[in-house]
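Residue numbering restarts at 1 for every chain, and letters A, B, ... go by the order of the sequence lines.
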Amino acid sequence: MDFATLAAQLNAGTIVPEGIVIVTILLVIVGDLIVGRSVSARWTPYLAIGGLLLAVLALYQRWDSTSPISFFGEFNADNLSVVFRGIIALSAAGTILMSIRYVEQSGTSLAEFLTILLTAVLGGMFLAGSDELVSVYVSLETLSISSYLLTGYTKRDPRSNEAALKYLLIGASSSAIFLYGASLLYGLSGGETRLSAISAGIATAGLDQSIGLVIALVFAIAGIAFKIAAVPFHQWTPDVYEGSPTPVVAFLSVGSKAAGFALAIRLLVTAFPLVTEQWQFVMTALAILSMVLGNVVALAQTSMKRLLAYSSIGQAGFIMIGLVIGTDAGYASMVFYLMIYLFMNLGAFTCIILFTLRTGTDQISEYSGLYQKDPLLTLALSICLLSLGGIPPLAGFFGKLYLFWAGWQAGAYPLVLLGLVTSVISIYYYIRVVKMMVVKEPQEMSDSVKNYPAIRWDLQGMRPLQVGLVMTLVATTIAGILSNPLFTLANNSVTQTPMLQAAQKPAVQVSKDETVRLPIAL
Amino acid sequence: MNLAEGVQIVSFGILAVMMLGSAFGVVLLGNVVYSAFLLAGVFISMSGLYLLLNADFVAAAQILIYVGAVNVLILFAIMLVNKRQDFVMVPRIWIRQVATALVCVGIFALLGTMVVTTPWAIVTTMPVGDASIVKIGLHFFSDFLLPFELASMLLLMALIGAVVLARREFLPEATLEPGDADALTLPERPRELLTTGRSDSTIQ
Amino acid sequence: MQLQYFLLIAAALFCIGIYGLITSRNAVRVLMSIELMLNAVNLNLMAFSNYLDADEIKGQVFTIFVITIAAAEAAVGLAIVLAIYRNRDTVDMEQFNLLKW
């Protein structure tokens, strides 16, 4: 096998978007080394955003690619992975917009922050398309290790240190558990590491109902549930959200979570088709726990970041409804909700960062009366929170509607009813914040708001924040009414993905065939 | 090149006892320095087990990376953070330890049952043995090329990140104004530091 | 020599790792417990590679990746432990309670 045939077999064109991200990382590092920290802070963030947008453009060109499988089956660039990689890249672009001023204020250097963030994006993008255990593990760890570093990036702050330590210890142990499950898969399938070959190998070995497969499934789910912060693997979430720099939290709650869902779909559908009922049962339990616990505990929070932490746990529960029903509409509604969640959650975090930068606090009570001092911020935060709660004309409503509709179609009535009840609860705590900002009389204003500084957008790093704020605000508002393109995109990404189509209804027949065939073989 | 059966079993037994014994020492001993040295024992006996499994390259890599790098790193970390301090006793900690031990025994029983009852599809082909390094190289540059290259980005980022976090920031003391004391912290104010105060008083 | 022997001691090592992970109070020792768990996984992979996949030895390749990443993780973990030690002057897990669990 000479070099030319090897290069042709690799089909490396599928990872051009990731290549663009890598080039951006190297440019940021080298550029920062050459020109020095103070000068580079002026252009590196824009270079990084440019690189990410270019990567999204390259992804768009790879939509519907005829030969998605590349690197000898390591990477599968099907349409589903394209959508997820796009979500991850966009979430990082939004994060960079809001992080410029914040990182400046915390007195740490921006170029290293961008490097680590972009590497996290790289890991997430590879994770969304990885089709083989080794590359799943390596990309998962790329994402995780960069997330630990980002969490502890403000190293002078004990809260940030502590969040990073907790995140690292829980994350590393959950990835060790995940890895044990992966090693069992390798053994049970008789030495296969490609996800699609694993289930075939296990079926050939006649181990499709063995206890080993169930243990591998449980261990793998432990790793996935940690990434998407599903109860009972959520313990790190509130602490990490509260202690780490807020832009990092924005990325973790959107980009990292989307990568986790991409992994969940690919791993569960491709590697565990033999135990579909079991994994759907486990994920249903996790969805119920997440919806109930996330939304109920959020009621008692006093810190805005913690509130959003628990709300994101609840949101993960809603998204899992789409996963467990396992229909086309279910997966499409997951993708659709994640796209909308990208805008509204990034918008909410942009508002929190803006408020923090101006007042230095993130207590919910300090927001009272904000309307009199800063109408734009109040409007943006209200819209994003109401959209997260699912109030009708906004984007979040349509996302939830589609999720619940898909669940109802598939006959998951209890799950949908529980989703409805908990989203009503969630509306209560979102409205509480909105009410506090809008309807308080001037004399009830909090101290922070009373001392609110004059609004200035011309400071360094404020302009990108403003751009991010307005863009997410507009997207959250109109994505609801003009949701058709997103809707079509989500649907196409599912219906044109061979992996999911193969796993649809025929899957039941396939597994039946297996059980019929096996006794004959024995 | 397999060793004779009897020698294999005896060396397996010795290595297994060594490894499990050191592993218990790592988690149970009071002094963390002993734990770190016993961890090296675990790594070395693990490498011996790899030799029994016909994997000479990985056995060498295990010694070089785990004993040579990871363990030395851990020892350095212990040197840097080891303050002779007795941890404050937490009441009823033994209940937690016993409960954890029971859970771990339960997990072991589950995994053990699984290992014993599963009919593994053992193949009878001759292991590649000495040619393993060639085989591994071929894998790295054909079907495992993507993770191989991604690992290089991961290592680069881990290097940069670890340096950023572990480096001491030398703030020029003279220019440090009173308000700049927390210049490198999160822009949010800490919520309440009551717990810090309590823990500080218990240390000293 | 049987595959099951190796798998059993790997399982034992994994459980020892879990025990150390939950009960250790020194942050450095928690990191060591995680290394134990990763080593257990490696032993699993190597055993499978020898007995079930003797031609392709993909398990050995997997193990090398795990070793690489474990080293990176250890470096990052110890950097974080150093950072927290500078600020809090302790590595006792029970003292890290600025944030509620």
Spatial distance of atom CD1 (A:Ile313) from atom CZ (A:Phe233) [nearest 0.5 Å]: 13.0 Å
Contacts with chain A made by residues 9-18 of chain C (heavy-atom distance under 4.5 Å), listed by residue number: C:Ala11, C:Phe14
Quick check on C:Leu21 against chain A: is it the side chain, the backbone, both or neither that has a heavy atom closer than 4.5 Å? side chain
Closest approach of C:Ala27 and C:Val81, non-hydrogen atoms and distance? CB-CG2, 4.2 Å
Pairs of heavy atoms under 4.5 Å with chain A: top-ranked of C:Val66, C:Asp55, C:Ile69: C:Ile69
Most contact-rich option vs chain C, by heavy-atom pairs under 4.5 angstrom, among A:Thr151, A:Leu133, A:Thr142, is A:Leu133
Throw together a table of side-chain donor-acceptor distances under 3.5 angstrom for residues 170-185 of chain A, partners on residues two or more places apart or in other chains.
unit_1: A:Ser173; atom_1: OG; unit_2: A:Leu169; atom_2: O; d: 2.7
unit_1: A:Ser173; atom_1: OG; unit_2: A:Ile170; atom_2: O; d: 3.0
unit_1: A:Ser174; atom_1: OG; unit_2: A:Gly171; atom_2: O; d: 3.2
unit_1: A:Ser175; atom_1: OG; unit_2: A:Glu141; atom_2: OE2; d: 2.9
unit_1: A:Ser175; atom_1: OG; unit_2: A:Ala172; atom_2: O; d: 3.1
unit_1: A:Ser183; atom_1: OG; unit_2: A:Tyr180; atom_2: O; d: 2.8
unit_1: A:Ser183; atom_1: OG; unit_2: C:Asn44; atom_2: ND2; d: 3.1

Please, which pairs that meet salt bridge (charged side-chain N to carboxylate O under 4.0 Å, His left out) have at least one residue in residues 27-46 of chain C, sequence neighbours excluded? none
Under 4.5 Å from any heavy atom of chain A, what part of C:Glu73 do you find: side chain, backbone, both or neither? both
Classify the side-chain pair A:Thr356/A:Asp362 by whether it contains a donor and acceptor separated by less than 3.5 Å. no
Contact leader toward chain A among C:Leu38, C:Asn42, C:Asp53, C:Ile57, where contacts are heavy-atom pairs under 4.5 Å: C:Asp53
Do A:Tyr148 and A:Ser244 have side chains that approach each other closer than 4.5 Å (heavy atoms only, starting at C-beta)? no
C:Phe6 side chain near C:Leu43 side chain, heavy-atom distance below 4.5 Å: yes
Does any backbone or side-chain atom of C:Val61 lie under 4.5 Å from a heavy atom of chain A? Answer side chain, backbone, both or neither. neither
By a 4.5 Å heavy-atom criterion (distance strictly below it), what part of A:Tyr153 contacts chain C: side chain, backbone, both, or neither? neither
Does the distance from a Lys or Arg side-chain N to an Asp or Glu carboxylate O, for A:Arg306 and A:Glu242, drop under 4.0 Å? yes
Contact part of C:Ser49 toward chain A, heavy-atom cut-off under 4.5 Å: side chain, backbone, both or neither? both
Closest heavy-atom contact between A:Lys227 and A:Gly260? CB-CA, 4.1 Å
Please report, to 0.1 Å, the donor-acceptor pairs under 3.5 Å made by any side chain of residues 117-124 of chain A, with sequence neighbours excluded.
unit_1: A:Thr119; atom_1: OG1; unit_2: A:Thr115; atom_2: O; d: 2.6

